[in-house]
Amino acid sequence: MVTMKVTTYLLGATVLLDQAQGQEIEEMVVVANRLETPLQAVGSALTILGGEDLQQRGFVTLENALHLIPGTGVGSEGGQRGSISALRMRGTESDHTLLRIDGVRVSDSNILPLNLIGGDPLFGYSSISVLRGPQSALYGSEAIGGVVDLNTRGGSDEPGRHLFLEAGSFGSLRGGGELRGGSEGTRWYIGGSREQTENDRAENDFRQDLFALRVERDLGAETIAGVTARGWFSNLVNPGSVGSFSGPAEDEREAALLTGYVSHRVNDRLKSHLTAGLYREKFEEQGDFPFASDAEKASVDLRNVVSWNGEHETAIGAVAEWTAFQSTATPVDEQGWRNGVYANHLWRPTTRASVSLGGRWENLERWGDSLTWRATGSWQAPGEDFRFHGSYGTGFRAPSYFELFGAIPAFNFVGNPDLKAESSRGWDAGVEWKPSESLIMDLTWFDNRIRNLIDFSPANIGRATTRGIELSAQGKICDHYLGWRGCYTWQQASDDVTGSRLVRRARHRASLDLMSEPVKGLLLGAGMTYSAGVEDNDFSVFPSVRKELDSVVLLRAYCSYQLNDNVSLHGRVENLLDRTYEEIANYPGRGLGVFGGMRVCW
C-alpha cells in the first residue's frame, strides 16, 4: 500500500498530493513541532478544525468555533456580537495565549487579541489549529496557555465562485463572495464580506467589513512563493454594563495584515521557509473615558528543517520582530525589537514512538532576555487502540510597554522598568483511544504553575496554579448515519497568594455537536454548550463583591439543503431555549436568534 502525505505549512501554503483509490493518507502537521509531523507522533495537545466542516455545522464566528475545543475557556466580555472576548486557555490569563494568522504573530503583550477573538468571523479561513500548553520554546512570548493558528484559504486549479446572503433576528444581515482559481502554477483566492446587526440590547449596533486574499505560485518544482492579505473594519455601539459601572461607548477598529512567504526544498535533507509580515491595528473609543491606540508590527521568520536520516529531523530558525505601540489613555508611545533563535529536534526511533526537545532564546530590546524549552513524547501501543502522549515546557509573557513605561496620575500608576517576565512551567499527559474507525477519544490531565504575575502596581507579586482534565471525543453511530463530536473540561484555577479562585474561569465546560444527512443533500444538526462554576466580581455595587454566576446551557440547531449543483439553502437557531445568561457579571448574552440564507456556487 502506498502512503501519501497531506501537509499543512504554517507559512500558509497547503500542499495536497493526489489521492488514488486504495492509498492510505498520512496527515502531517507543522504547527506542533515547526516541522512536518504525523498526527499520531504529536506529543502536545493539539486540535485542528477545518473551515468547510465548521461551515457545514452552522458556525459563523471564531469565538463559537473555539467552544468545540477542550481547555479553551473562551467567553464574551460584552455578551453581544462584536464585543470583545477573552480566551483563557487552560485557566491562564487572556494575554497568555498567542494568536497567529498566516504564520505571523498578530498578538503580544501590547496588542491583545480580544477584538479578534470576539469579532472575527470564520469567513476566509481554511483551518483553525489550537496547540495547548506552554509553547514559548517554539513561538516565543505570550504562549503560556497555548497558541491559536489561523490560515487563509488557498486557490485551486479548478475555478470557483461563491456568493452568500443571510438575514435573521436582531436586524442581522450578512453577505459576501469568494473567488478562487488557478492556472500554470499560480493559485489565487479573494473574498469579501459585510456583517451588521442591532444585537439584543438597545443601542448595541455592530457592523464589520472584511476581505481576505491569497496568491501563490510555484517557482519551479522545489519552490513555492505567495502573499496573503486580510483587512478588518468594524464599528460597535456598546451600551455598557447593566448598572452604573460601565457607561455607553462607541468603538471603531481598523486592522490590516499583509504576509509574504517562500518555501524552498534545497535538497533531500534541507528545506527552508521564510515568512515576512506587516500588521497594523488602530482602535478608538468615544464615551465617558475616550481613548485611542495605534499598534504596528513587522516581522521576519526564517525556519530551516534538516532531515538527518529517517529517524531524526531538526527545525532551526531565527525571528526578528519590530513593534510600535501608542495609546492616549496611559499615555504610551514606545517601540522596540524582539529577536530570537530557536531549535526543535524530533526523534522517531520507530513508527510508533516519537520524542521532541526544543528551546528558544529571545531578546526584547526594551526589556531583556528569556530562555524557554519544551519536551514532548508520543507512543502508540501494540494493537493500535491506545496512544499515550505528553509534554513538559516553560513559557513566558514579557511586560507590556504600558507596564514598563506607562503612567496614569489619577490612579497613582507609574510604570516599572525593572519588571520581570511572567513565567510558567506546565505539563500534560494523556491517552488516546481508538477502538474502531467510528470512534476516537482522548483524555488529558494538565497542570500549569505561573509565577511573577504582574499586578496593577505594577509589580511581580502574583502566583497562580491551573490544573484540570480535558476530554474530547468524536465518532459516528447508527451505521454512520449520525456524526458527533464533543468535549468536556474540568479545571481548577486558583490564586496562590490569596487562595481564592481566579475569576471568569468555568469549573466545568462542555460542548456537543450532532450532524446527520438523512437524505442526500439535506444536513440536519444540533449543538450544545455548557459552563458552570464561574466566579466574577460584581461592580454594580460599591465596593464590588465576588459572586458565582448561574450555569449556562445554550442549545442550537442548524440545517442546509442542496437544491441543485449551484444553489443551497441554510438556516440556524441560536440560544434555542431563549435562556437569559451572562458569561461575565452584568453583561447579558443574546437571546433566541433565528437566521436563514442562501449560497450560490458556480
Under the ring-ring contact (aromatic ring centres under 6.0 Å, His included) rule, collect the residues that match up with Trp361, sequence neighbours excluded. none
Are there more than 12 heavy atoms of other residues, nucleotides or ligands under 6.0 Å from atom CH2 of Trp322? yes
Under 3.5 Å: donor-acceptor pair, side chain of Thr394, backbone of Trp373: yes
Is a donor from one side chain sitting under 3.5 angstrom from an acceptor on the other, for Asn110 and Ser400? no
If you round to the nearest 0.5 Å, how far is OG of Ser494 from CG of Leu502? 6.5 Å
Distance-only side-chain donor-acceptor flag, Asp442 / Thr444, under 3.5 Å: yes
Over all atoms of both residues, closest heavy-atom pair of Lys547 and Ala585: CE-CB, 4.0 Å
For the residue pair Phe283 and Phe291, categorise the inter-ring angle as parallel (less than 30°), tilted (30 to 60°) or perpendicular (more than 60°). tilted
To the nearest 0.5 angstrom, please state how far the CG atom of Leu114 sits from the OG atom of Ser107. 9.5 Å
In a check of side chain to side chain donor-acceptor pair (under 3.5 Å) between Asp294 and each of Arg280, Gln326, Lys282, which one passes? Arg280
Tell me, with the steps shown, if Tyr342 and Asp301 meet side-chain hydrogen bond (donor to acceptor under 3.5 Å, both in side chains). CA-CA 11 Å; Tyr342 59 88; Asp301 189 324; 2.8 Å; yes
Quick one: are Ser141 and Glu362 in side-chain contact, heavy atoms under 4.5 Å? yes
State, yes or no, whether a side-chain contact exists between Leu62 and Ile128 at a heavy-atom distance under 4.5 Å. yes
Counterpart residues, ring-ring contact (aromatic ring centres under 6.0 Å, His included), relative to Phe411 (two or more places apart): none
Can you tell me how far CD of Glu313 sits from NE2 of His345, rounded to the nearest 0.5 angstrom? 9.0 Å
Can you name the nearest heavy-atom pair linking Ser540 to Asp538, along with the distance? OG-OD1, 2.6 Å
Any side-chain to backbone donor/acceptor pair from Arg34 onto Leu138? Under 3.5 Å, distance only. yes
Taking Glu93 first and then Arg505, would you say they form a salt bridge - that is, a charged N and a carboxylate O separated by under 4.0 Å? yes
Are there over 12 heavy-atom neighbours, none belonging to Phe289, within less than 6.0 Å of that residue's CZ? no
Is the backbone of Arg81 close enough, under 3.5 Å, to the side chain of Ser76 for a donor and an acceptor to pair up by distance? no
The criterion is salt bridge (charged side-chain N to carboxylate O under 4.0 Å, His left out); which residues satisfy it with Arg467, sequence neighbours excluded? Asp447
Which of parallel (below 30°), tilted (30 to 60°) and perpendicular (above 60°) describes Phe413 and Phe402? parallel
Do Asn575 and Tyr581 come close enough that some side-chain heavy atom pair is under 4.5 Å? yes
So, do Leu49 and Tyr125 sit near enough that their side-chain heavy atoms are less than 4.5 Å apart? no
Using modelled atom types and a 3.5 Å cut-off, is there a donor and acceptor pairing between side-chain atoms of Trp367 and backbone atoms of Leu419? yes
Would you say Asp550 has more than 12 foreign heavy atoms packed within less than 6.0 Å of its CG? no
Give a yes or no on whether a salt bridge exists between Asp108 and Lys297, defined as a side-chain N under 4.0 angstrom from a carboxylate O. yes
Tell me, yes or no, whether the heavy-atom count around Trp433 atom CH2, taken from other residues, nucleotides or ligands under 6.0 Å, exceeds 12. no
Does any part of the side chain of Arg504, heavy atoms only, come nearer than 4.5 Å to the side chain of Ser94, both counted from C-beta? no
Can you see whether Phe446 has Arg132 sitting over its ring - NZ or CZ less than 6.0 Å from the centre and within 45° of the normal? no
Is the side chain of Thr47 donor-acceptor paired with the backbone N or O of Ala45 at a distance under 3.5 Å, no angle test? no
When you measure from the side chain of Arg90 to the backbone N and O of Ile144, does any donor-acceptor pair fall under 3.5 Å? no
Where the side chain of Ser327 meets the backbone of Ala329, is there a donor-acceptor pair that is under 3.5 Å apart? yes
Heavy-atom distance under 4.5 Å between the side chains of His67 and Arg509, does that happen here? yes
Hey, are Glu403 and Arg397 close enough for a salt bridge, meaning a charged N less than 4.0 Å from a carboxylate O? yes
Which of these passes salt bridge (charged side-chain N to carboxylate O under 4.0 Å, His left out) with Asp496: Arg451, Arg501, Arg449? Arg451
Smallest separation among heavy atoms of Leu68 and Leu54, with atom names: CD1-CD2, 3.7 Å
What one should report as the nearest heavy-atom pair of Leu131 and Ser44 is CD1-CB, 3.7 Å
Between Arg201 and Gln80, is there a donor-acceptor pair closer than 3.5 Å when you use the side chain of the first and the backbone of the second? no
If you apply the rule side chain to side chain contact (heavy atoms under 4.5 Å, CB included), what do you find for Ser109 with Glu142, and how did you get there? CA-CA 7 Å; Ser109 55; Glu142 289 76 55; 3.7 Å; yes
Test your reading of the model: is there a side-chain donor-acceptor pair from Ser241 to the backbone of Ser246, 3.5 Å cut-off? yes
Result for side chain to side chain contact (heavy atoms under 4.5 Å, CB included) between Leu116 and one of Leu99, Ile111, Ile84, Leu87 points to Leu99
Got a sec, which residues hit ring-ring contact (aromatic ring centres under 6.0 Å, His included) with Tyr488, two or more places apart in sequence or on another chain? none
The ring-ring contact (aromatic ring centres under 6.0 Å, His included) partners of Tyr587 (sequence neighbours excluded) come to none
Should Glu422 and Ile454 count as side-chain neighbours, where that means a heavy-atom distance under 4.5 Å? yes
Rounded to the nearest 0.5 angstrom, the CG-CG distance for Leu98 and Asp149 is 9.0 Å
Just how far is it from atom CG of Leu66 to atom OG1 of Thr72, taken to the nearest 0.5 Å? 5.5 Å
Measure the shortest side-chain to side-chain distance between Gln491 and Arg88 over non-hydrogen atoms and say whether it is less than 4.5 angstrom. no
Smallest separation among heavy atoms of Gly43 and Thr376, with atom names: CA-CB, 3.9 Å
Considering all heavy atoms, the nearest Gly82-Leu236 contact: O-CD2, 3.5 Å
Pairing residues for Arg485 by the salt bridge (charged side-chain N to carboxylate O under 4.0 Å, His left out) criterion, not counting sequence neighbours: none
On the six-membered ring of Phe396, is Arg360 placed so that its NZ or CZ lies under 6.0 angstrom from the centre and within 45° of the ring axis? no
I'd like to know if the side chain of Asn344 reaches the main chain of Asn33, judged simply by a donor and an acceptor atom lying under 3.5 Å from each other, with no hydrogens or angles considered. yes
Rounded to the nearest 0.5 Å, what separation is found between the CG atom of Leu39 and the CG atom of Leu46? 6.5 Å
What is the ring orientation for Trp379 with Phe388, classed by angle as parallel under 30°, tilted 30 to 60°, or perpendicular over 60°? parallel
